[in-house]
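A, B, ... follow the sequence lines: proteins, then strands. Residue 1 opens every chain. Given the structure is predicted, the values throughout are model-derived calculations rather than measurements.
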Number of protein chains: 2
Amino acid sequence: MKRKATINDVAKAAGVSKGLVSFALNDRPGVSPETRDRILTVARDLDYRPSLSARSLSTRTSYAFGLVIARDPEILGADPFFPSFIAGVERVLLHEGRALVLSVVADEQHEATVYRTLTADARVDGVFITDLRHDDSRIPLLRELGMPAVTLGRPEGAQHGDADAFPAVCLDDTPGIVAAAQHLIDLGHRRIAHVIGPRRMLHATRRNGAFAATLEAAGLPADLVIETDFTAAQGASATEALLDLADPPTAIVYGNDPMAIAGIGVAHERGLNLPGDLSITGFDDSELARYVYPALTSVRTDPLAWGEAAARTLLRLTTTGVADDVDLEPARVITRSSTGPVRA
Amino acid sequence: MKRKATINDVAKAAGVSKGLVSFALNDRPGVSPETRDRILTVARDLDYRPSLSARSLSTRTSYAFGLVIARDPEILGADPFFPSFIAGVERVLLHEGRALVLSVVADEQHEATVYRTLTADARVDGVFITDLRHDDSRIPLLRELGMPAVTLGRPEGAQHGDADAFPAVCLDDTPGIVAAAQHLIDLGHRRIAHVIGPRRMLHATRRNGAFAATLEAAGLPADLVIETDFTAAQGASATEALLDLADPPTAIVYGNDPMAIAGIGVAHERGLNLPGDLSITGFDDSELARYVYPALTSVRTDPLAWGEAAARTLLRLTTTGVADDVDLEPARVITRSSTGPVRA
DNA sequence: CTGAAAGCGCTTACAG
DNA sequence: CTGAAAGCGCTTACAG
């Protein structure tokens, strides 16, 4: 391991000042084409790579983005969203010389601390905000900290194109949930339950709103709603509670696949026939969905594309100061054999 | 947002040189107690936090660790290991002012590129090596790059306490697989198959060795072994292949839970009764394991503890230059209802 | 025990 | 079009 070449080595070898080397490398005007070529050649020959920490100190830029996830590790492990989302983010950052700094915290208490530390240390140039909540404390916090951010979905109250809002990268999940509900209605179901994620999360209530509207448009009540923390455990107990009802549902729509798969487990344990006695749908269309029995009808989003779009948007925001909202392909239902006609 | 206080502000306010401030803050000898107290008080009053990039430039330290995962996002999403492992890592890094830089790459080709970039940019002070492979190219690569590392498990050929080896943080999985196999043997199974992960991965062959030894010790052949890429898809097709055999197994041991759950799906699809017609075991004991039907017998490891131990070891290695190997509680089998006596 | 200074490796006005 | 210099905010020998 020989010493890494510095800008000084390049400058000396090229017979110019280091300022000029910096200009040439950063594609700034004011360098004659011949000089620029010579500098770039020398830099390549010396295998020169600018020091990140030196650049960071000069430019007050870390060349990294942050993702803070406030979820219990148990839930995180069951949820295929984040790995795919992160893979999408990486796919664009890798080529941009940016790194992803990841923080997993158990609760929303520690979350704020982490954001403050990331800011104080200038560890990242911007952050991704996932799992938007009602009255989300992260929005004012990050604004106060002056930390650029991109939200997954649009926060409450924000209008498309709000001047002072963080850019939003949106993947509308309501068409998926509407399609799932309508699919069940079309199959003749009249009592359809909804097992949702935590109500403090925006998408839980938004999806439930879409669900309820679809049922009501068909003249059906949307009164069977159970809130969970997204764990398979609570998916199972919600299913137990629903099936114990005097007038149990003939179909259950779940907020994620692990809960739906747990629901299948509970139904089988009770000797129910699927989808004959009970239809079940999931959400996220994880790989496992098509391999359980019966194969799970689920709502497909595209976390990888979401990650890519979010990364590109944050990159634009942090480099140019502005970035437009992005709308991705909405979610859609994937029909499999866990849903079927209601029994006569 | 007022300007952040710098070491100069503290020095001026305390009436000392900035060198002394640095000494006081870093707990170095040569500062009188009174002066140190005064400096620390002033620093607190000014809400002073040393600039990370300035420190990094001076000390050639990034105060961050790297984790490069070479897996298809699809597989990653189904596998609960990494989220828990990462949560464990975070739990110790958070209090040590270190950050985790995460890279997800699709294949082992890009892996080397990422390690080179992380090193060239001095983006991290050390890395975690997970999913050890046979003849693992990362070991010589990182040694060549001079990048400190900690391995999860001991690499091939390395002896406990090798002077020049990277510290290994080990969680022995063979007791778990041995117990699973023995459990099936005790239940009277004579034809037991093993659906393993990629053979290039150390743990796949190591576990299969333990599996085979257990069967052979009981006078049983261990000839039914199918290699997969760890996806539920290949777990399902391996199950199909096994059940299509003229003399199919009465029990199948899977290398992870998603494959085992897919196996349950295939068995149910064929109208088999579990565990009457077929016993099934998984690996990792994911949350879902206990909520599928029948509840899945699985092998439990502790990824969270693994993450914590790995982080502490890497921290010690990068700060002191040496770190001992660590042995964690070995894996053990958790018996549930997907395994039962072989049918008469 | 304390201070003044050099150095880490960049970027960026400022002169010429 | 090019050079010399200051500055980013720390750490660390070196003197005293």
d([atom1], [X]; [atom2], [N]) in whole Å:
X       : N      : atom1 : atom2 : result
A:Arg36 : D:dC1  : CZ    : P     : 9 Å
B:Leu46 : D:dG9  : CG    : C1'   : 15 Å
B:Arg49 : D:dC8  : CZ    : P     : 21 Å
B:Asp37 : C:dT2  : CG    : P     : 12 Å
B:Leu52 : D:dG9  : CG    : C1'   : 12 Å
B:Leu25 : D:dG9  : CG    : P     : 16 Å
A:Leu20 : C:dT12 : CG    : P     : 14 Å

*Which sits closer to the 5' end of DNA chain C, B:Arg38 or B:Leu57, going by the nucleotide each is nearest to?*
B:Arg38
*asked:* Just to verify, which of B:Arg200, B:Arg71, B:Arg138 counts as forming a side-chain hydrogen bond (donor to acceptor under 3.5 Å, both in side chains) with B:Glu108?
replied: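 The passing option is B:Arg200.
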*Starting at the 5' end of DNA chain D, write a dot or bracket for each base, bracketing those in Watson-Crick or G-U wobble pairs whose two distances are under 3.5 Å and using | for partners on another strand.*
|||.||||||||.|||
For nucleotides 13-16 of chain D, print each protein N/O atom paired with a nucleotide N/O atom at under 3.5 Å, atom names and distance only.
none

Just N and O in the side chain of [X]: are any of them under 4.0 Å from OP1 or OP2 of [N]?
X       : N      : answer
A:Arg60 : D:dG9  : yes
B:Thr35 : C:dT2  : yes
A:Ser32 : D:dT2  : yes
B:Asn8  : D:dC10 : no
A:Arg55 : C:dT11 : yes
A:Ser22 : C:dT11 : yes
A:Tyr63 : C:dC10 : no

*So, do B:Arg116 and B:Glu144 sit near enough that their side-chain heavy atoms are less than 4.5 Å apart?*
yes
*Taking the side chain as every heavy atom from C-beta outward, state whether B:Arg312 and B:Val169 have any atom pair closer than 4.5 Å.*
no
Nearest to side-chain heavy atoms of [X], which nucleotide of [options]:
X       : options                : answer
A:Tyr48 : C:dC10, D:dC10, C:dT11 : C:dC10
B:Lys18 : C:dG9, D:dT2, D:dC10   : D:dC10
B:Ile7  : C:dG9, D:dG9, C:dT2    : D:dG9

_Does the structure place the NZ or CZ of A:Arg143 under 6.0 Å from the centre of the six-membered ring of A:Phe166, at an angle of no more than 45° from the ring's axis?_
yes
*Taking side chain to side chain contact (heavy atoms under 4.5 Å, CB included) as the test, write out the residues that go with B:Ser17, two or more places apart.*
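Applying side chain to side chain contact (heavy atoms under 4.5 Å, CB included) to B:Ser17 gives B:Leu20.
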*When we call it a touch if two heavy atoms are under 4.0 Å apart, what does A:Ser51 touch: a base, just sugar-phosphate, or nothing?*
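If one applies the 4.0 Å heavy-atom cut-off, A:Ser51 turns out to touch the sugar-phosphate alone, with no base involved.
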_Categorize B:Ser17 for me: base, sugar-phosphate, or nothing, with a 4.0 angstrom heavy-atom threshold over every strand shown._
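Counting heavy atoms under 4.0 Å across all strands, the contact made by B:Ser17 includes a base.
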*Would a distance-only check, ignoring hydrogens and angles, find a side-chain to backbone donor-acceptor pair under 3.5 Å from B:Glu156 to B:Asp135?*
yes
*Would you call A:Arg133-A:Asp136 a salt bridge at under 4.0 Å N-O?*
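A salt bridge links A:Arg133 with A:Asp136.
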*Closest approach of A:Leu94 and B:Ser103, non-hydrogen atoms and distance?*
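Scanning both residues, the minimum pair turns out to be CD1-OG, 4.3 Å.
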*asked:* On a heavy-atom basis, which atom in B:Asp107 and which in B:His110 lie closest, and how many Å separate them?
replied: OD1-ND1, 2.9 Å
_If you go through the side-chain atoms of A:Ser58, does one of them form a donor-acceptor pair with the base of C:dC10 closer than 3.5 Å?_
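Side chain to base: pair found, below 3.5 Å.
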*Please work out which of the three classes, parallel, tilted or perpendicular, describes the rings of A:Phe85 and A:Phe81, given edges at 30° and 60°.*
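Parallel, since the angle between the ring planes stays under 30°.
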*Answer yes or no: does atom CG of A:Asp324 have more than 12 heavy-atom neighbours from other residues, nucleotides or ligands under 6.0 Å?*
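No - once you tally the heavy atoms of other residues, nucleotides and ligands closer than 6.0 Å, there are 12 at most.
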